[in-house]
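In what follows, a structure is listed as structure tokens, so that the remarks can point back to it.
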Amino acid sequence: MNQNPLKQIVKLQKEGNAVGIYSCCSANKYVVEAVLKRGKEDDSCVLIESTANQVDQFGGYTGMNPQAFMDYVCDIAKTYDFNMKKLFMGGDHLGPLTWAHLPEKEAMKNAEDLVRAYVLAGFTKIHIDTSMKVADDDPNTRLSDEKIAERGVRLAKVAEAAYAEYVESHPDAFQPVYIVGSEVPIPGGVQGDGEGMQVTSVADFKATEALFEDAFKNAGLEKAWDNVIGFVVQPGIEEKDAGCTEYDRAKAADLMASIKEYPTLVFEGHSSDYQTKYKLRELIEDGVGILKVGPGLTFMAREALFALAYAEKEIYADRPEMQSHFIEVLDKVMLEDPSRWQKYYTGNENEIRIKRKFSFSDRSRYYMQNAEVVGAIDLLMKNMKDGVPLNLLSQFMPIQYTKVREGFLTNDPEELVRDRVINCIDEYLFATHQKEIF
């Protein structure tokens, strides 16, 4: 049996070791590069996930299907000489997410094809998410946990069959591990300030776990259930436009204590972005084995690009025609297509303007692959190719300035962006101790 090393997280936690892993939920080039670069330096494993709306069998908003995303990440890993045995690829929110406007028959057929595509591309961590309603569900009634579990089992069957097919040509491939649950945060972030969010109750967690376990076993999927390692709950964390709801271990104490009753499960914590490293550490100590982070990483990449653009404005103040105008181009593109941010950002005109640029929910991440934006970034990098003058680097990127002065970082614009992302990654490595998984 090709047991997945991610199961070691459960073993270590049940032995009383506060060890977990952070999951990079991003397709951003600078983020993926930073994650693999830091993983190589730390000699630790890396978990990178793509979400169902980012990457699907039709291309998603990134234009990549699962195999293309796998190839994209592996190519970057090779440039850093990363140990491929320590690279884990996951599929996040796999289910009828992007087809919820269709009736169940069509939505679930697409979801089955999606899961199959991920497993056949070599993804070995599968988050099955059937928590959303589809077109022929009653809009006035809460989707039952029974229905969520029933649909989840359908996808697990597809995943198991796809792995059986995949392992024939890839005999060393790890068995997929699964993440399930019904109280799943909305992919892409909540709308509004998230103040109504509640910690999952122990009763709800236990009832839902029992439903999922029974559904798997009644469907003859005992082997698949043995590979369910994580359960998604709401531990009381969520990012906001200008902050986050911080983890309060006292409020989550009963929920976190309950996971100790399940020897084969840990919690998976979504929306861990912007928690302090000490709060992240508490989450790991309390029973969360997997910390999902996406906007927190892309925000750092965007912040670094803005810093370079501010320096560029100073250097080329007398030659505006040579500037990349990256900040302005990004905002222009977002205004031309408001579909990715409009329902998330509220307030007066100036408040919304600030949110488009600086919100912690970082809706700008959906526009980074736009051709105009990519062109502006390319010109920005060309303009700064000889490095940022130290006085401007100190002004706009003081942490990187110190590293450059001390000889730990090259004064190269792309290296500066990656290193700003690594500042965030290091908060997670402090919390997870994921080197201990291998």
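- The two atoms that bring Y178 and A224 nearest to each other are CD1-O, 3.7 Å, heavy atoms only.
- At distances below 3.5 Å, at least one donor-acceptor pair connects side-chain atoms of K40 with backbone N or O atoms of D81.
- Between R353 and E349 there is no salt bridge, since no side-chain nitrogen of the basic residue lies less than 4.0 Å from a carboxylate oxygen of the acidic one.
- Between the Q13 side chain and the G20 main chain, no donor and acceptor come within less than 3.5 Å of each other.
- A donor-acceptor contact shorter than 3.5 Å is absent between the side chain of K37 and the backbone of Y80.
- To the nearest 0.5 Å, atom SG of residue C45 and atom CD of residue Q434 are 5.0 Å apart.
- I259 approaches L265 most closely through the heavy-atom pair CG1-O, 3.6 Å.
- Counting only distance, with no hydrogens or angles, the side chain of E312 and the backbone of S324 share a donor-acceptor pair below 3.5 Å.
- With a 4.5 Å cut-off on side-chain heavy atoms, Y163 and N227 do not count as touching.
- Contact of the V119 side chain with the V158 side chain is not registered, since no non-hydrogen atoms from C-beta on lie closer than 4.5 Å.
- Ring geometry for Y274 versus F360: interplanar angle under 30°, hence parallel rather than tilted (30 to 60°).
- Taking OG1 of T208 as the reference point, atom CD1 of I148 lies at 7.5 Å (rounded to 0.5 Å).
- Judged by distance alone, with hydrogens and angles left aside, the side-chain atoms of E414 form no donor-acceptor pair with the main-chain N or O of Y30 at under 3.5 Å.
- Put simply, the side chain of E104 reaches to within 4.5 Å of the side chain of R151, judged on heavy atoms.
- Scanning both residues, A159 and V115, for their nearest heavy atoms gives CB-CG1, 3.7 Å.
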Walk me through it: do E336 and K332 pass the test salt bridge (Lys or Arg N to Asp or Glu O under 4.0 Å)? CA-CA 6 Å; E336 288 173 346; K332 168 182 168 289; 3.0 Å; yes
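- No side-chain N or O of T62 forms a donor-acceptor pair with one of Y72 less than 3.5 Å apart.
- Contact check on K382 versus D378 returns no salt bridge, with no Lys/Arg side-chain nitrogen under 4.0 Å from an Asp/Glu carboxylate oxygen.
- Residues passing the ring-ring contact (aromatic ring centres under 6.0 Å, His included) test with F123 are Y118, sequence neighbours excluded.
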Decide side chain to side chain contact (heavy atoms under 4.5 Å, CB included) for L6 and I9; before the verdict, give the C-alpha distance in whole Å, the side-chain angles of both, and the deciding distance to 0.1 Å. CA-CA 6 Å; L6 291 177; I9 296 170; 4.1 Å; yes
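- Each of I284, L280, I290, I425 was scored for a side chain to side chain contact (heavy atoms under 4.5 Å, CB included) with Y22, with one residue passing: I425.
- Here CG of N423 is found 11.0 Å from CG of L297. Values are rounded to the nearest 0.5 Å.
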Under the side chain to side chain contact (heavy atoms under 4.5 Å, CB included) criterion, do D419 and M397 qualify, and how do the steps go? CA-CA 10 Å; D419 194 71; M397 302 185 79; over 6 Å; no
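- Counting only residues at least two apart or in different chains, side chain to side chain donor-acceptor pair (under 3.5 Å) contacts with residues 294-310 comprise T298-D362, E303-R420.
- Atom NZ of K260 has more than 12 neighbouring heavy atoms from other residues, nucleotides or ligands inside a 6.0 Å radius.
- Open room surrounds CZ on R405; 12 or fewer heavy atoms of other groups in view lie less than 6.0 Å from it.
- When atom types are taken as modelled, the side chain of R281 and the backbone of A18 share a donor-acceptor pair closer than 3.5 angstrom.
- The CD atom of E282 lies 4.0 Å from the CZ atom of R249; values are rounded to the nearest 0.5 Å.
- We find that E112 and K109 are not joined by a salt bridge, their nearest charged nitrogen and carboxylate oxygen being 4.0 Å or further apart.
- Smallest separation of non-hydrogen atoms from G95 and L155: CA-CD1, 3.8 Å.
- For the pair S364/K357, no side-chain contact is recorded, criterion being any heavy-atom separation below 4.5 Å from C-beta on.
- A donor-acceptor distance shorter than 3.5 angstrom exists from the side chain of S272 to the backbone of K292, with no hydrogens or angles considered.
- Salt bridge present: E268 and K125 bring a charged side-chain N and a carboxylate O closer than 4.0 Å.
- Aromatic ring centroids of Y262 and F231 lie 6.0 Å or more apart.
- In this structure, the side chain of N4 engages the main chain of Q175 through a donor-acceptor pair within 3.5 Å.
- For the residue pair N17 / K11, no side-chain donor-acceptor distance below 3.5 Å is found, with atom types taken as modelled.
- Y278 OH: 12 or fewer foreign heavy atoms inside a 6.0 Å radius.
- Remark: the Q57 side chain and the D113 side chain contain no N/O donor-acceptor pair separated by less than 3.5 Å.
- The pair K29-E33 meets the salt-bridge criterion, since a charged nitrogen lies less than 4.0 angstrom from a carboxylate oxygen.
- Side-chain contact, Q67 with D71: a donor N or O sits under 3.5 Å from an acceptor N or O.
- No side-chain donor-acceptor contact under 3.5 Å links H170 to the backbone of L120.
- Rounding to the nearest 0.5 Å gives a distance of 9.5 Å between NZ of K86 and CZ of F88.
- Two residues are said to be in side-chain contact when any heavy atoms from C-beta on lie closer than 4.5 Å; V288 and M256 meet this criterion.
- For D129 against P96, the heavy-atom pair with the smallest separation is O-CD, 3.7 Å.
- Interatomic distance, L393 CG to T402 OG1, rounded to the nearest 0.5 Å: 8.5 Å.
- A donor-acceptor distance shorter than 3.5 angstrom exists from the side chain of D137 to the backbone of V134, with no hydrogens or angles considered.
- No side-chain donor from either of E415 and T410 sits under 3.5 Å from a side-chain acceptor of the other.
- Inter-residue side-chain proximity for N110 and T98 is flagged as unmet; no heavy-atom pair is nearer than 4.5 Å.
- Side-chain atoms of W341 and S359, non-hydrogen and from C-beta on, never get closer than 4.5 Å to each other.
- Residues L308 and M384 come closest through the heavy atom pair O-CE, 4.1 Å.
- Between L416 and V388 the shortest side-chain heavy-atom distance falls below 4.5 Å.
- The closest side-chain donor-acceptor pair between Q54 and D92, if any, does not fall under 3.5 angstrom.
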Test side chain to side chain contact (heavy atoms under 4.5 Å, CB included) applied to F69 and I48, step by step: CA-CA 10 Å; F69 186 70; I48 295 174; 4.1 Å; yes
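- Between the side chains of D337 and S339, at least one donor N or O sits under 3.5 Å from an acceptor N or O.
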Step by step, would you call H93 with I179 a side chain to side chain contact (heavy atoms under 4.5 Å, CB included)? CA-CA 9 Å; H93 295 288; I179 309 296; over 6 Å; no
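- For CG of D42, the number of neighbouring non-hydrogen atoms (other residues, nucleotides, ligands) closer than 6.0 Å is greater than 12.
- Figure legend: K277 and F430 shown as a cation-pi pair, the cationic atom lying under 6.0 angstrom from the six-membered ring centre and within 45 degrees of its axis.
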